[in-house]
Number of protein chains: 2
Amino acid sequence: MAHKSANYRYLVLGLLAQQPMSGYDIKNLLSNLSWLVSSPSFGSLYPTLHALQRDGLVTMTVVLRENKPPRKVYRITTAGNEALRAWIDQPVAAETSIRTFLMYLITAGACTPTALLTHLQQRRSQVAMRHSALERAASAQDATTGTGQHLIIDYALALAAAELAWLDQALQRLSMTTLPAYEQV
Amino acid sequence: MAHKSANYRYLVLGLLAQQPMSGYDIKNLLSNLSWLVSSPSFGSLYPTLHALQRDGLVTMTVVLRENKPPRKVYRITTAGNEALRAWIDQPVAAETSIRTFLMYLITAGACTPTALLTHLQQRRSQVAMRHSALERAASAQDATTGTGQHLIIDYALALAAAELAWLDQALQRLSMTTLPAYEQV
DNA sequence: CGTATCATGTAACTAGTTACATGATTCA
DNA sequence: TGAATCATGTAACTAGTTACATGATACG
């Protein structure tokens, strides 16, 4: 089943796959991205970390520091990496939101370049479809179309176009580093 | 307090402010935008409509049709419009997500052109700040920066740039229709 | 005759927020 | 002394999903 559920569990696990962090660190990091992915409150972040630890996907060590409160640093385990990989390897759903795609990008460091390439290619074809669907919707507009409807289509079209351009650029760079054989011909 | 909560209540109310619809209609409409705003399941959509009706913000009429199951068409009440207006008129929070902004655009048809103009201007200044913050983050990257981190910053930067361009264009068009006085000088 | 679309709904569960509580340190 | 940042946590609540149930009509 293609993943739709975008819970914080895997987002947190993906961040810990890149480097060990405390709950407070994670919160700060995600706050900077709050306009793209809504960031969790402490009230859900700490319990999430406890659950990951309980399930053996992360371990915790208390780090004592002078003149500052102690921090609980979490790091991913082998089982955690496996669980993350299994989640990542699921196929991309057609309705994948920006939010879910961003979660994927965050965890991208934890997967192989080939897997990343495949994922971005799948994403590209989906965004392209949405883009053309929006273009059709835009040209189908008439006098009865409300201001809201018009603005949304226009806005969505602009974002889709920008993402397409970004994906093309990213794919080009990635294919160069992943498959350098082509350059040597 | 600037709004952060992006619950479906006001999204649904905003859609009904534009035209009367059934729950099924709303679901279809939002499914087309599922990659931007995650669309509600029926399990939350129908209870939301019941709650809105209970609170007197919408009314419901059963429409019988031949050869098709009856539909329950909801339409916004005066109290509903007032509640929506009150929600819309809240100041734009600094961390407003794409999701919340989109909800605003959807309900934009229900507010005055001046209010829309002000809102878009506020949004523009915020996106501009995020954009420059991201540019700083991008130039601060070094060899230790993970692939995930790099991709996210790059992606976010592309989206922010696209939104800025869109906002400038939208603001220009809007100021022409809202304040035609300038053209007559 | 089975499957797809239209159309509504409820119940059990999960995930998340809000609001609170703690306690140290630093800065004005 | 009072506020701000660092750092963790819990309890009560709200919002949401998943999975089910219903029943008609249309299509092949």
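Below, chain A is the first sequence line, B the second, and so on; all start at residue 1.
Shown for residues 43-63 of chain A: residues whose heavy atoms fall under 4.0 angstrom of DNA chain D, namely Gly43(A), Tyr46(A), His50(A). Within residues 64-77 of chain B, the residues approached by DNA chain D to less than 4.0 Å at the level of any non-hydrogen atom are Asn67(B), Lys68(B), Pro69(B), in residue-number order.
Counting only heavy atoms from C-beta on, Ser41(A) has its side chain closest to dT18(C) among dA7(D), dT18(C), dT18(D).
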With a cut-off of 3.5 Å and sequence neighbours excluded, list every side-chain donor-acceptor pair involving residues 43-50 of chain A.
from: Ser44(A); atom 1: OG; to: Ser41(A); atom 2: O; distance (Å): 3.4
from: Thr48(A); atom 1: OG1; to: Ser44(A); atom 2: O; distance (Å): 2.6
from: His50(A); atom 1: ND1; to: Tyr46(A); atom 2: O; distance (Å): 3.4

Result block: side-chain N/O donor-acceptor pairs under 3.5 angstrom for residues 125-132 of chain A, not counting sequence neighbours:
from: Ser125(A); atom 1: OG; to: Gln122(A); atom 2: O; distance (Å): 3.0
from: Gln126(A); atom 1: NE2; to: Val92(A); atom 2: O; distance (Å): 3.4
from: Ser132(A); atom 1: OG; to: Ala128(A); atom 2: O; distance (Å): 3.3
from: Ser132(A); atom 1: OG; to: Met129(A); atom 2: O; distance (Å): 3.0

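In this view, Ala138(B) and Gln141(B), Ile153(B), Leu157(B) satisfy the side-chain contact (heavy atoms from CB on, under 4.5 Å) rule, not counting sequence neighbours. Shown here are the side-chain hydrogen bond (donor to acceptor under 3.5 Å, both in side chains) partners of Asp168(B), two or more places apart in sequence or in another chain: Arg124(B). Every residue two or more places apart in sequence or in another chain that forms a ring pair (Phe, Tyr, Trp, His ring centres under 6.0 Å) with Tyr155(A) is listed here: Phe101(B), Trp166(B).
Between the P atom of dG16(C) and the OH atom of Tyr8(B) lies a distance of 13 Å, rounded to the nearest Å. As a whole-Å value, the separation of Leu29(B) CG from dC6(C) P is 14 Å. Rounding to whole angstrom units, OH of residue Tyr10(A) and P of dG16(C) are separated by 13 Å. One can place CG of Leu30(A) at 16 Å from C1' of dT17(C), the figure rounded to the nearest angstrom.
Stem regions for DNA chain D, each three or more consecutive Watson-Crick or G-U pairs with both distances under 3.5 Å and listed by first number, read C:1-28 with D:1-28.
Residues in residues 51-68 of chain A take part in these salt bridge (charged side-chain N to carboxylate O under 4.0 Å, His left out) pairs, two or more places apart or across chains: Arg9(A)-Asp55(A). Note on residues 147-165 of chain A: pairs passing salt bridge (charged side-chain N to carboxylate O under 4.0 Å, His left out), not counting sequence neighbours, are Arg123(A)-Glu163(A), Asp154(A)-Arg173(B). Here ring-ring contact (aromatic ring centres under 6.0 Å, His included) pairs that include residues 59-84 of chain A, with residues two or more places apart or in two chains, number zero.
Across the interface with DNA chain C, nearest-nucleotide mapping of Asn28(B) and Phe42(A) shows Asn28(B) to be the residue nearer the 5′ end.
Val63(A) belongs to a hydrophobic cluster whose other members, connected by ILVMFWY side-chain contacts under 4.5 Å either directly or through intermediates, are Val73(A).
Here the side chain of Thr77(A) pairs a donor or acceptor atom with the backbone of Leu57(A) at under 3.5 angstrom.
Side-chain atoms of Asp25(B) and Ser22(B) include a donor-acceptor pair closer than 3.5 Å.
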